[in-house]
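Comments concern the structure below.
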Amino acid sequence: MRRPFVAGNWKMHGTRAENADLIEALLLGVPAQPTAEIAVCPPFVYLWEAARQLKASSVSLGAQSVCAESIGAFTGEVSAAMLKDVGCRYVIVGHSERRALYKEDDALVARKFLAAQSQGLTPILCVGESLDERERGQTMQVVSRQLTAVLDLAGIKAMQDAVVAYEPVWAIGTGKNATPAQAQEVHAHIRAEVAARDGKIAAALRILYGGSVKAGNAREIFSMQDVDGGLIGGASLKVDEFLKICAAAQAH
Ligand code: 13P
């Protein structure tokens, strides 16, 4: 049985005061033993403060990106060891905004994945096609390519301590979510790709859906067989919405 997982990707939002309020409200609303594992991923500069606030709670902390290098002259970068040091458990790698806006390619994403694991962080590997790629019928091919880059570099065993998030680019921040059937089709494809290398690891792998998840559509999307929760952008900044999304994630 895969424990459902809901992670909030705050992206570049928030202030110290807003974050403190958001986490306080979240901790008040989260049941003592939530069905789903819950994590929040604030911007780098707020991680330490968030870690202190989340201490002794059931909510985990994640970062939104990580440097592929471990230490040295890499101005502006943040290493996996630093993320671990401030209390992160997870780190998002390969988010489509990083791929598109900061030109992170498959090879770099795979190296970031490895860097994260080398410090005991669990990577949340994002994959997903653009609208253009979907319309050309290339969805499975794109997702396979993104996944294979990581599997080839890190090896199949690395997927024992990783999470995959399917985030179709056309659904991110657009209000236009993938239908449950569309999500299920790609999630099943991802699981099959992993199963081709190791069936047991594939069966245990958590695959999240991300892209315009809201309280109103979460239950339907999460009810699909291969959808194990969500990676939530905009709706993770509204505590009521986020808590409803967390409550919608059921084990199956
Ligand atoms: P939205 O939920 O705002 O569409 O963003 C999804 C996302 O990119 C999460 O990483």
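Keep in mind that this is a model prediction, so the values were computed, not measured. One-based numbering, in listed order, for ligands and for the atoms of each.
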Problem set entry | side chain to side chain donor-acceptor pair (under 3.5 Å) pairs, two or more places apart, involving residues 42-58 |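 Every pair satisfying side chain to side chain donor-acceptor pair (under 3.5 Å) with a residue in residues 42-58: Arg16-Glu49.
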
Distances only, to 0.1 Å: what are the N or O pairs between ligand 1 and the protein that fall under 3.5 Å?
unit_1   : atom_1 : unit_2 : atom_2 : d
ligand 1 : 2 (O)  : Gly233 : N      : 2.9
ligand 1 : 3 (O)  : Gly234 : N      : 2.8
ligand 1 : 4 (O)  : Gly173 : N      : 2.6
ligand 1 : 4 (O)  : Ser212 : N      : 2.8
ligand 1 : 5 (O)  : Lys11  : NZ     : 3.3
ligand 1 : 8 (O)  : Lys11  : NZ     : 2.8
ligand 1 : 8 (O)  : His95  : NE2    : 2.8
ligand 1 : 8 (O)  : Glu167 : OE1    : 3.4
ligand 1 : 10 (O) : Asn9   : ND2    : 3.0
ligand 1 : 10 (O) : His95  : NE2    : 2.9
ligand 1 : 10 (O) : Glu167 : OE1    : 3.2
ligand 1 : 10 (O) : Glu167 : OE2    : 2.9

Exercise. Does a donor on one side chain and an acceptor on the other come within less than 3.5 Å for His95 and Glu167?
Worked result: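 There is such a pair (donor and acceptor under 3.5 Å, judged by atom type) between the side chains of His95 and Glu167.
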
Exercise. Tyr90 and Glu37: side-chain donor and acceptor closer than 3.5 Å?
Worked result: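 The criterion, which ignores hydrogens and geometry beyond distance, is satisfied for Glu37 and Tyr90.
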
For this session: Give a yes or no on whether the backbone of Val66 and the side-chain of Lys112 come within a donor-acceptor separation of less than 3.5 Å.
Result: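 Answer holds: yes.
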
Problem set entry | NZ/NE/NH1/NH2 to OD/OE distance under 4.0 Å, Arg136 and Asp132 |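 Answer for the salt bridge query: yes.
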
Exercise. Leu208 versus Val164: any side-chain heavy-atom pair under 4.5 Å?
Worked result: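 With C-beta onward as the side chain, the pair stays apart.
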
